Amino acid sequence: MLIITVLITHFFCLGFFSRTRFLPDFRAALPVLLLLTTPGWAQNHQTTQSVILDPINISATRSERSPAQIPNSITQIRRDPQQNFQPGATLDEFARGTPGVFFQNQFNFTQDLRIAIRGFGARSPFGVRGIQMRVDGIPQTLPDGQTQLDSIDPSLIERMDIVRGPSAALYGNASGGLIDITTREAPADKFVVMPRQVFGQYGYLKSELFMGGRSGNFGYSLYGSHLQQDGWRNHSAMQNTFSQVKLNFQTSTHSDLMLVLRELYSPLAKDPGALTSAEVQTNPRQASTRNVQYNAGEEIRQEEVGIRFRQRLSAGKEFTVTAHMLHRDFQSRQPFFDGGQVQFDRLVGGLMMQFVNDHELFNRPNRFLIGVDYGIQNDDRQRFNNNFGVRSALNLSQIERVQSIGPFVRNEWNIADKLDLVLGGRWDWLQYQVKDQFKIDGNESGSRTVSQGSGSAGLVYHLNDQQQLYAHVTSVFEAPTTTELLNNPAGRGGFNPNLNAQTSLSNEAGFRGNTAGFQYDTALFFIRTWDEITPFELTSSPGRAFFRNAGQSRRVGVESRLATPEWKGLRGEISYTFSDFAFDKYVVNDINLKGNVFPGIPTHRWEGLLRYSHPFGFFGQLHVHRVGEFYVNDFNTATNPAYNLGQLLFGWELKRNGFDGSLFLGVNNLFDAQYNANTRVNAALGRYYEPGPPLNLFGGIRMRVVVF
């Protein structure tokens, strides 16, 4: 099986170095993968024994561990029945109430949901930066550090593990942390069908169908969804169709295989753009005039396949190899003329291998983990002038390639009865290459190599079986993405020679526990960052982000959460986040910004959640969210006002002999707040704000039928 995996990955990687316009048909390879992994192939081993004998707890640290053994701030969110009754649009629906994690931009699908952990990622102009993401063990973060979320359907999530704080020593090239997602597994029955239909205001419509089951050593799940909405703001309509196939095979008593295939097609996503404060006050539903004139928006088609093989070599020894491939066809229109239309064909391939050895060190339990990650990314990119929505002359054409290699090691030692010591290290090497195909304005071809190590050390002290104190220190390395390097304010192509990688040193301490069913967690952290990568815009190209380094910055924060046990169907959660983030050394245009507060992150943030379930099937949920005022530019001359949000959800569920049926109704923005759902940091012309919709309703129906 290992040979097959390596050959598949090698085949796809060869396509990266073929001729400029050659793109291997990604979908043509899928039948081959299915043939290699059909149930008939696996039937040589008649067993249903699990490879991992211990119960799965947290897998975000690359091997399954109890949260009590991990010296990091970590939140695990398992699928709650009432999460089945959310709209199913963005990931924040699943992760509400997580301290230290701030979500924005739930309504502009051209920019992606913005996720910030301890401030890292808050200033990303699109996609997710500074955070590593995995889905079913398959990397969603590209080799250059960028993550796109459009191919992750929140209705498909079974579990989410969030590591709050740097995890570069494990996964590389990220400052903020890790989000590790597990999608819904095959049901225990032979064949189960679960359709769901959601309706909402502003043309919101989402249709879902999940099917799956188990038979002997084979489990399968199939999922498809279609999402569309007109949007509350003008010029914000969108549509997408998503599908996933997930197959699991027990290939022997001590080995298993997982195959995942995903496809996304988004033919429509309009960008209403950001507004000035005066425009928001006049008419928050309006789109930016330039965005309408230039028909700002994007179209995407993406296919992805991942395969993971695990083999238990002997007691306490396990080897895992994961291979993945991705093809993305992307086209966008941005609200300016010069190079305002972008298209690229992206090919990504990767291979991860790791070995875990549980043994004794000086007569104490010890776990040793070693491995390597390899990734390769190839973008065939063109830019065209945008003549008010019509594609005009070619402006740029180049091939962009990134290769990354990251060997890593981690050791987890129970040094004493109540004390665990965790040490880790990783070396990341990234090579960027650009081959200029448009040489009218000169040859901008070139290459650049960035490499650096990251290390971590942590202690966990067990006060008793239910309470722990922990401390963690780690160095962090985060390299620029290809887009950040190539968006050069001094020219059309080539690398920005003035943009460097950012580094950080993170220190944190925390206390967590579970007493009589009450779960609590408090963490304090201090992070020092050098050469922080910061976006800005030029008035000649509003909406296009360029990047520069801030000299030095620091982050001080507190994160706290309390969850109650269930009492007569009632339970609740509350969380609070304090963020004191500021620049220590930063000069822009001869203006000293030392002491200025980070834009994009509120100093204070509260969340509360109350859930109720009645034995007769009635249920309800109330979620409230308070976001404090925060700045939207580095100069601290403009702010985003504080706001309060709420969601009320209620419904009824019936369960009878293999059939579950639910009706539900929800109210978003319960307090009818006037607020900005997104802010564009350091935007040109004062266009910082993207208003969110007022009070609005959604509802739907969900069924679960055990066919046999």
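Note that the structure is predicted; figures quoted are calculated from it, not measured.
For Gln228 and His226, the side-chain atoms include at least one donor-acceptor pair closer than 3.5 Å. Remark: the Gln398 side chain and the Glu400 side chain contain an N/O donor-acceptor pair separated by less than 3.5 Å. When only modelled atom types and interatomic distance are considered, Asn678 and Glu690 share a side-chain donor-acceptor pair under 3.5 Å. Residues Arg114 and Gln106 bring no donor and acceptor atom of their side chains to less than 3.5 Å of each other. Of the N and O atoms on the side chains of Arg555 and Ser579, not one donor lies less than 3.5 Å from an acceptor on the other residue. With 3.5 Å as the limit, one finds no donor-acceptor pair spanning the side chains of Gln281 and Asn283. With hydrogens and angles left out, the side-chain atoms of Asn640 and Thr679 include no donor and acceptor closer than 3.5 Å. Gln140 and Glu304 share a side-chain donor-acceptor pair at under 3.5 Å. Side-chain contact, Ser73 with Glu508: a donor N or O sits under 3.5 Å from an acceptor N or O. Counting only N and O atoms by type, the side chains of Asn385 and Asn395 include a donor and acceptor under 3.5 Å apart. Judged by distance alone, the side chains of Gln286 and Asn234 never bring a donor and an acceptor atom under 3.5 Å apart. Residues Tyr586 and Arg548 have side chains that bring a donor and an acceptor to within less than 3.5 angstrom of each other.
With Thr98 contributing its side chain and Val101 its backbone, the two residues share no donor-acceptor pair below 3.5 Å.
Between Val348 and the options Leu326, Asp379, Val402, a side-chain contact (heavy atoms from CB on, under 4.5 Å) holds for only Leu326. Between Gln132 and the options Asp180, Val163, Asn173, a side-chain contact (heavy atoms from CB on, under 4.5 Å) holds for only Asn173. Glu299 pairs with exactly one of Arg333, Gln331, Gln239 by the side-chain hydrogen bond (donor to acceptor under 3.5 Å, both in side chains) rule, that one being Arg333.
The cationic group of Arg391 lies under 6.0 Å from the six-membered ring centre of Phe384 and within 45° of the ring axis, placing it in a cation-pi geometry. Stacking of Arg346 on the aromatic ring of Phe330 is not recorded, the 6.0 Å distance cut-off and the 45° axial limit not both being met. Cation-pi geometry between Arg448 and Tyr432 is not met at under 6.0 angstrom from the ring centre and within 45 degrees of the axis. Taking the ring axis of Phe525 as reference, the NZ or CZ atom of Arg118 stays within 45° of it and closer than 6.0 Å to the ring centre.
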Show the numbers, then the answer: is there a side chain to side chain contact (heavy atoms under 4.5 Å, CB included) between Thr637 and Tyr631?
CA-CA 7 Å; Thr637 57; Tyr631 292 106; over 6 Å; no
Asn669 vs Asn696, side chain to side chain donor-acceptor pair (under 3.5 Å): CA-CA, chis, key distance, verdict
CA-CA 7 Å; Asn669 195 358; Asn696 61 93; over 6 Å; no
Check the pair Asp150 / Arg328 against salt bridge (Lys or Arg N to Asp or Glu O under 4.0 Å), numbers first and verdict last.
CA-CA 11 Å; Asp150 42 31; Arg328 185 178 180 92; 2.7 Å; yes
The test is salt bridge (Lys or Arg N to Asp or Glu O under 4.0 Å); show your working for Glu607 and Arg605 and say whether it passes.
CA-CA 7 Å; Glu607 287 196 67; Arg605 190 167 59 85; 3.0 Å; yes
Set out, in order, the CA-CA distance, both residues' side-chain angles and the distance that settles salt bridge (Lys or Arg N to Asp or Glu O under 4.0 Å) for Glu279 and Arg285, then state yes or no.
CA-CA 9 Å; Glu279 290 171 334; Arg285 296 195 68 172; over 6 Å; no
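More than 12 non-hydrogen atoms from other residues, nucleotides or ligands lie less than 6.0 angstrom from CD of Glu629.
Once rounded to the nearest 0.5 Å, the distance linking CG of Asn72 with CG of Asp161 reads 12.0 Å. We find the OG-CZ distance between Ser506 and Phe120 to be 7.5 Å, quoted to the nearest 0.5 Å. Distance check: Leu593 CG to Ser553 OG gives 12.0 Å after rounding to the nearest 0.5 Å.
Aromatic ring centres of Phe698 and Tyr204 lie farther apart than the 6.0 Å criterion allows.
Of all non-hydrogen atoms in Val681 and Gly600, the two that sit nearest each other are CG2-CA, 4.2 Å.
Between His625 and Phe102, the angle of the ring planes goes over 60°, which puts this pair in the perpendicular group of the 30/60° scheme.
Identified under the salt bridge (Lys or Arg N to Asp or Glu O under 4.0 Å) test for residues 574-595, with sequence neighbours left out: Arg528-Asp584, Arg554-Asp580.
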